[in-house]
Structure formats: C-alpha cells, structure tokens
Amino acid sequence: MDKKRIAIEQPESCMVFDVSVGEDSVVLDRYLTDDLEKVVLPEEVYGKPVTEIGPGCFFNHPEITEVVFPETLTKIGESAFALCKGLRNLLLPDSVSDIGVHAFRECTGLRKIVMPSSLKCMKVGIFSYCYLPDNVEITLKEGLEKIDHGVFFSSDVHLHFPLRLPESVSSIAEGAFEPGMKILTSLPYNAKWFEK
C-alpha cells in the first residue's frame, strides 16, 4: 500500500485524509479535517474505489453530525467513529460486510441506525457506551447471523429501547444485551443474553 495525503473538494468545503492506495482499492486511514458537520465520503480516490475506513479514522470528531457512505465501502475498522458524539443518523450501505469492534463506541447522539444486509456478525462493543435512548430507531436486516457480547454495553445503565432481530439471527452471545432492552425475536428467550 502506498501512503498519501489527499484533499477532497466538496461543495463549499474541503476534506483532508491520509490514505493507503493499493493495487485496486483505497483505505481512508485518517480524517484530518475538524470543521465539517456533514461528511460525504468519496466513492473513489485516484480512480480506485474506496473500500475501507481504517481503524480510528474518525476517532473523536464530535463536530460531525452526518456521514454519507459510498456504496463501494465493504469494511469499517475498529473504533473508526468512536467518540463521534454529534453523529445522529447512521445509514450504512448494504455493501458493508465487516464492522470492527467498538466502531461506534460513545456515539451518544445516535437516534437512527440502519445496519447493512451483508453484515453477518455484530462484533463486540460496536455501540458500547452510546446510551441509546428509548426512542432510537434500529434496523437490523436479514442476513445478520451472530450478535457478540457487549454490543450495547452501557456500564450498568439500563437501556429500554426495543430491538427487533431478523429471522436470520441464530447465535446470540451471553451478555449481548443490556438489562431493560426489549428483544423481539423468534428465538427462545435466554436470560444469559443480559448477563455481564
């Protein structure tokens, strides 16, 4: 991979990224702008598709309220958007099949989440310390098979929002959910889902 810094022009704004350019794809490694509320990620850089957001790429950017993801994206790295406390709506394209642990940790502003249909596993702590409100809208799509422990970990703060699981979910780890969450599923109820 070839490491480069690039400026990407948007209407009335400019974003700067460190990127890794491969033979047939680009990884966004580090977001270096701090004054944009809306971030529209590019579909391609140097004529190659943007397929990955690297670990910690957007770490601690509370000014961001909206991110528009490209349909070329397949992977979001560990803690990629951690501490993006202003982010309100998370609408991930169906092309994303891999989301790293703690990817959206402490995104406390989230009010609407739509997960991709190609995602098979929700990994550890994806939404830990988000303290999602009772009226949060979460859409998990058919195709999801596994939910790891601590996905919604909130450190003993009980959460009370409903979560409908698609029929494709067949594996739920102990401690996957926080006490108080209303899990809507055809799977037999298991109290261990709510244990630490």
Side-chain angles (χ1 to χ4, degrees), residues 39 41 51-53 55 57-58 64-155 157-196:
V39 174
L41 298 179
T51 59
E52 183 176 341
I53 297 171
C57 182
F58 288 88
I64 296 174
T65 60
E66 181 182 359
V67 178
V68 179
F69 297 90
E71 297 287 338
T72 55
L73 193 66
T74 60
K75 182 175 182 180
I76 297 174
E78 178 177 345
S79 300
F81 290 89
L83 279 88
C84 288
K85 296 183 177 187
L87 189 60
R88 295 194 58 79
N89 296 328
L90 180 61
L91 312 176
L92 296 172
D94 287 335
S95 57
V96 176
S97 60
D98 187 359
I99 301 176
V101 299
H102 303 289
F104 300 98
R105 178 174 60 89
E106 292 185 62
C107 289
T108 53
L110 285 172
R111 298 297 177 264
K112 182 175 183 178
I113 299 167
V114 177
M115 298 300 278
S117 61
S118 57
L119 186 70
K120 301 293 185 197
C121 177
M122 289 182 74
K123 294 181 182 175
V124 176
I126 288 179
F127 296 109
S128 59
Y129 299 104
C130 286
Y131 306 113
L132 299 171
D134 295 355
N135 64 347
V136 67
E137 295 176 40
I138 302 178
T139 302
L140 304 179
K141 296 182 180 176
E142 286 296 329
L144 181 66
E145 297 173 358
K146 180 181 179 186
I147 300 176
D148 278 345
H149 72 277
V151 168
F152 298 97
F153 181 74
S154 64
S155 188
V157 174
H158 285 208
L159 304 176
H160 298 283
F161 60 87
L163 182 66
R164 182 174 299 282
L165 304 185
E167 294 293 319
S168 54
V169 172
S170 58
S171 175
I172 300 173
E174 292 183 16
F177 308 120
E178 286 297 284
M181 289 177 61
K182 302 168 186 72
I183 305 304
L184 308 173
T185 177
S186 59
L187 294 174
Y189 174 82
N190 187 341
K192 291 185 176 181
W193 295 343
F194 300 92
E195 292 180 0
K196 296 284 183 256

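- In this structure, Asp94 contributes its side chain and Ser117 its backbone to a donor-acceptor pair below 3.5 Å.
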Test Val67 against Phe58 for side chain to side chain contact (heavy atoms under 4.5 Å, CB included), laying out the working first.
CA-CA 11 Å; Val67 178; Phe58 288 88; 5.6 Å; no
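- Using modelled atom types, one side-chain atom of Ser168 and one backbone atom of Gly143 make a donor-acceptor pair closer than 3.5 Å.
- Using a distance-only test at 3.5 Å, with no hydrogens or angles considered, a donor-acceptor pair links the side chain of Ser118 to the main chain of Val96.
- Side-chain atoms of Ser154 come within 3.5 Å of backbone N or O of Val157 as a donor-acceptor pair.
- Heavy atoms only, all atoms of each residue included: His149 and Glu174 are closest at CB-O, 3.0 Å.
- In this structure, the ring of Phe69 has its center less than 6.0 angstrom from the ring center of Phe81.
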Give the intermediate values and the outcome of side chain to side chain contact (heavy atoms under 4.5 Å, CB included) for residues Arg88 and Lys112.
CA-CA 7 Å; Arg88 295 194 58 79; Lys112 182 175 183 178; over 6 Å; no
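- Ser128 places no side-chain N or O within 3.5 Å of a backbone atom of Arg105 that could act as its donor or acceptor partner.
- Residues Phe104 and Cys130 share a closest heavy-atom pair of O-SG, 3.1 Å.
- Here the side chain of Glu66 pairs no donor or acceptor atom with the backbone of Asn89 at under 3.5 angstrom.
- Within a 6.0 Å radius of NZ in Lys182, more than 12 heavy atoms belonging to other residues, nucleotides or ligands are found.
- With hydrogens and angles disregarded, a donor-acceptor distance shorter than 3.5 Å links the side chain of Arg111 to the backbone of Gly109.
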Could you walk me through whether Trp193 and Ile147 pass side chain to side chain contact (heavy atoms under 4.5 Å, CB included), step by step?
CA-CA 10 Å; Trp193 295 343; Ile147 300 176; over 6 Å; no
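- Between the side chain of Thr51 and the main chain of Thr74, no donor-acceptor pair closer than 3.5 Å is present.
- Annotation for Lys141: atom NZ counts as buried by contact number, over 12 foreign heavy atoms lying within 6.0 Å.
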